[in-house]
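Down below is the structure, laid out as structure tokens.
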Amino acid sequence: MQELLTFVAQSLVDAPDQVRVTVTDGPEAVILELHVAEEDMGKVIGKQGRIAKAIRSVIKAATAKDSKPVFVEIN
């Protein structure tokens, strides 16, 4: 799932070398933190958060069979 999020984010931004994903595996959930360059933040979030919602939907669908829920945070 980390590779999927990295691939999707790198496809959207102008500086794909600055995309970084960190994984925090907690007892009840997995948190994926997406870090991009300041100037690419708008491209990842989109108007009214539509692209961010789409990214979260793709990750949720890809991890549907996992026992823990997966959350995506954009920093």
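As a basis for the values below, the full set of heavy atoms in this structure was taken, side chains included, without hydrogen atoms, waters or symmetry mates.
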Between the CD atom in Q2 and the OG1 atom in T22, the distance rounded to the nearest 0.5 Å is 8.0 Å

ILVMFWY network linking I31 to V70, side-chain heavy atoms under 4.5 angstrom
no

Would you check if D40 and Q18 make a side-chain contact, meaning some heavy-atom pair closer than 4.5 Å?
no

Restricting to salt bridge (charged side-chain N to carboxylate O under 4.0 Å, His left out), what partner residues turn up for D14, sequence neighbours left out?
K43

With salt bridge (Lys or Arg N to Asp or Glu O under 4.0 Å) as the rule and sequence neighbours excluded, what pairs involving residues 44-56 come up?
none

Go through the structure and list residues passing side chain to side chain contact (heavy atoms under 4.5 Å, CB included) with V58, not counting sequence neighbours.
L4

Residue pairs meeting side-chain hydrogen bond (donor to acceptor under 3.5 Å, both in side chains), one or both in residues 58-75, sequence neighbours left out, come to D25-K68, E33-N75

The side chain to side chain contact (heavy atoms under 4.5 Å, CB included) partners of L34 (sequence neighbours excluded) come to L5, A9, V19, V21, V36, V44, I74

Could you give the distance from CE (M41) to NE2 (H35), rounded to the nearest 0.5 Å?
9.5 Å

Who pairs with A29 by side chain to side chain contact (heavy atoms under 4.5 Å, CB included), at least two apart in sequence or on another chain?
P69, F71

Checking V8 against I59 for the side chain to side chain contact (heavy atoms under 4.5 Å, CB included) test, could you report, in this order, the C-alpha distance in whole Å, the side-chain angles of both residues, the deciding distance, and whether it holds?
CA-CA 10 Å; V8 171; I59 297 298; over 6 Å; no

